[in-house]
Amino acid sequence: MLRLKCPHCGERDHSEFAYGGDAGVKMPAIDNEDFEAWYQAVFIRKNPRGRHLEYWHHVQGCREWLKVERDTMTHEIFSVAAAREVEEGAQ
Amino acid sequence: MQRYSVFSLVSNALRGNQHWERAWRDPDPKEEYDVVIVGGGGHGLATAYYLAKEHGINKVAVLEKGYLGGGNAGRNTTIVRSNYMIDGNTQFYEHSLKLWHGLSQDLNYNVMFSPRGYVALATSQAQMDASAFRANSMRMNGIDAELLTREQVQKLLPYLDCSPNARFPVYGGLWQGRAGTARHDAVNWGFARAADSRGVDIIQQCEVLGYLWDGGRIVGVETTRGNIRAKKVALAVAGSTTLLGQKAGLELPIESHLLQAFVTEPIKPMIDYVIAYGTAHFYISQSDKGGLVLGGDLDGYNSYAQRGNLPIVDEVLTVAKALIPALSRLRVLRHWAGVMDMSMDGSPIICKAPVDGLYLNCGWCYGGFKATPASGFAFAHTIAKDEPYETNARFTLDRFRRGYQIDEKGAGPTPGAH
């Protein structure tokens with residue numbers, strides 16, 4: 001069982017969460033007509049064995065979308081943060 | 001190769017079983033081969049076998065980083081079927097099922113193929129309609145399929161909970177009589193022995209670390225047992241496809257996810273058929289030793305861990321008990337997980353890679369076992385002729401770019417959902 005430390009609810013079992021996929025993917029802007037950018041975002045994944053940035057949705061808790069950095073081999077969790085805060089901060 | 005027969009069985013028994021030949025050699029890698037296949041699982045070994053048998057290419061090495069059958073070949077639930085609906089998949093899996101039916105004879109090795117029949121239960125009217133659609137598509141392609149009513153299912157599987165209290169009431173099912181199971185280790189060993197007898201070198205404990213390049217072309221592999229040159233390098237490495245692909249400069253439409261499976265303590269014959277339960281993505285069959293073999297959904301998040309996780313154990317065993325209440329006191333003996341290379345449309349990739357000298361066989365999601373013979377057959381053809389066989393013409397890597405995904409489940413580019 002993975003244990004994710006939700007910034008609002010504290011440390012919870014991962015079965016409370018829904019996996020939201022690779023958070024390293026940059027979706028192009030909706031009016032971007034570059035085929036290659038869409039192809040990369042929709043289909044291509046780095047799929048690392050090691051550190052992986054990913055979304056988790058705390059469905060059975062506060063319903064916050066979280067951005068988690070996790071090791072895909074050892075399941076070690078390096079960081080958990082509210083996705084909107086991390087992403088707003090980056091902009 | 002010493003052929004197995006009634007005569008060899010009797011004569012070896014009379015001599016105290018002291019004189020059996022080993023099933024395959026253990027050679028050191030040569031400096032150069034025509035084809036190097038990376039991955040000694042079912043697909044890699046089948047590819048080597050068909051390369052030698054169908055195309056006369058026997059300067060072939062199969063490199064395995066661990067031991068034969070230690071990867072996904074030993075981490076599945078041994079089910080074989082061809083109830084596919086989308087063009088491309090339908091023909092491919094039917095070719096596979098046809099090969100399964102003659103495989104023991106072809107390999108001179110008992111792979112314990114058991115065409116015991118397969119029932120996919122429907123638990124709503126919508127699922128019955130979908131089953132009818134699927135059965136019609138199959139029959140139009142000459143594949144056996146039959147729609148079962150609720151009463152027929154109940155008669156066939158009397159231990160199912162068909163009561164009004166069932167969590168998901170049984171409406172009927174889709175039956176494929178030629179489907180069944182095979183013994184996964186025997187499939188591996190059978191292909192290994194048959195490939196070896198045609199001159200293929202099977203090299204275990206040999207991990208591929210990188211490639212040898214000549215200009216932009218791959219001309220061999222760097223391994224833990226030295227460099228091996230090859231005219232063609234073929235990958236059949238399931239969960240490690242992304243990593244070996246990246247070393248060749250490829251970015252692939254693949255995510256690695258875990259799939260867990262379970263076996264219970266052995267009991268007397270109870271479950272005669274393979275049963276699948278689509279509502280909760282659950283499947284169960286009984287092995288020849290008596291253990292019930294069962295599995296469920298993916299863990300659903302990227303992982304290379306090859307070990308399971310309790311939430312899925314809980315989920316699968318809950319479904320098992322809801323479906324067949326009589327199982328409630330059985331103990332689970334073993335449980336394991338395999339790393340699935342989930343492709344973005346749920347269908348496999350067998351093609352030349354966009355790098356010269358490299359060939360790809362990947363993206364099997366969790367359907368790789370049943371595909372073993374046809375995958376080897378089609379991959380061998382692709383390697384030998386530099387063009388696809390008729391059954392893998394659609395399994396290209398560029399289908400994602402061109403908009404020709406083969407999305408059997410209609411789940412879109414979400415690998416965890418296929």
Side-chain angles (χ1 to χ4, degrees), chain A residues 1-6 11-28 33-61 65-80 83, chain B residues 237 239-247 250-258 297-315 318 337 339-347 349 354 362-363 397-405 407 411-417:
Chain A
M1 181 81 77
L2 313 182
R3 300 268 289 168
L4 297 175
K5 199 167 179 183
C6 174
E11 195 174 1
R12 300 296 181 94
D13 288 351
H14 86 264
S15 49
E16 281 189 15
F17 299 79
Y19 182 61
D22 188 333
V25 174
K26 291 262 183 299
M27 273 293 167
E33 290 179 7
D34 178 24
F35 177 85
E36 193 59 26
W38 282 104
Y39 167 71
Q40 291 284 335
V42 174
F43 292 118
I44 299 302
R45 295 291 176 266
K46 292 218 163 30
N47 191 30
R49 179 160 70 191
R51 281 172 181 254
H52 187 230
L53 207 55
E54 56 204 19
Y55 290 119
W56 288 78
H57 186 196
H58 198 181
V59 180
Q60 295 177 50
W65 276 95
L66 306 174
K67 214 168 184 177
V68 176
E69 193 180 15
R70 181 179 62 92
D71 190 306
T72 58
M73 187 66 196
T74 63
H75 292 331
E76 184 181 351
I77 290 160
F78 303 104
S79 68
V80 182
Chain B
V237 293
S240 303
T241 305
T242 294
L243 308 172
L244 281 173
Q246 275 166 353
K247 287 182 177 164
L250 295 178
E251 291 194 308
L252 297 170
I254 281 173
E255 276 186 11
S256 298
H257 288 250
L258 285 189
D297 255 325
L298 289 175
D299 276 22
Y301 44 86
N302 293 37
S303 177
Y304 283 89
Q306 278 195 326
R307 60 192 155 82
N309 221 326
L310 276 173
I312 296 285
V313 180
D314 187 36
E315 193 181 303
T318 306
V339 180
M340 310 288 122
D341 49 340
M342 301 299 296
S343 68
M344 298 300 267
D345 63 357
S347 293
I349 296 161
C362 60
L397 183 61
D398 69 0
R399 69 174 184 265
F400 299 96
R401 194 182 282 279
R402 294 167 55 238
Y404 285 92
Q405 292 94 284
D407 191 351
T414 46

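Every chain is numbered from 1, with letters handed out A, B, ... down the list of sequences. Since the model is a prediction, treat every value here as computed from it, not as a measurement.
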Looking only at heavy atoms and a cut-off of under 4.5 Å, which of B:Asn302, B:Thr242, B:Leu252, B:Leu310 has the most pairs with chain A? B:Asn302
Close approach to chain B in residues 70-80 of chain A, criterion heavy atom under 4.5 Å: A:Arg70, A:Thr72, A:Met73, A:Thr74, A:His75
Please tell me whether B:Glu255 and B:His257 have a donor and an acceptor in their side chains that are separated by less than 3.5 angstrom. yes
Is the A:Trp56 ring parallel, tilted or perpendicular to the A:Phe17 ring (thresholds 30°, 60°)? perpendicular
Angle class for the A:Tyr39/A:Phe35 ring planes (parallel below 30°, perpendicular above 60°, tilted otherwise)? parallel
Is the shortest side-chain N to carboxylate O distance from A:Asp13 to A:Arg3 below 4.0 Å? yes
Nearest 0.5 Å please: distance from the CZ atom of B:Arg399 over to the OG atom of B:Ser347. 5.5 Å
Which class fits the ring pair A:Trp65 and A:Tyr55: parallel under 30°, tilted 30 to 60°, perpendicular over 60°? perpendicular
Measure B:Gln306 against the heavy atoms of chain A and call it side chain, backbone, both or neither at under 4.5 Å. neither
Contact origin within B:Ile254 toward chain A - heavy atom pairs under 4.5 Å: both
Quick one: do A:His14 and A:Glu16 satisfy side-chain hydrogen bond (donor to acceptor under 3.5 Å, both in side chains)? Show the steps, please. CA-CA 5 Å; A:His14 86 264; A:Glu16 281 189 15; over 6 Å; no
Could you tell me which non-hydrogen atom of B:Leu397 sits nearest to which non-hydrogen atom of B:Pro354, and how far apart they are? CD2-CD, 3.7 Å
Under 4.5 Å from any heavy atom of chain A - which part of B:Gln246: side chain
Most contacts with chain A, counted as non-hydrogen pairs under 4.5 angstrom, among B:Gln405, B:Glu251, B:Glu315, B:Arg401: B:Arg401
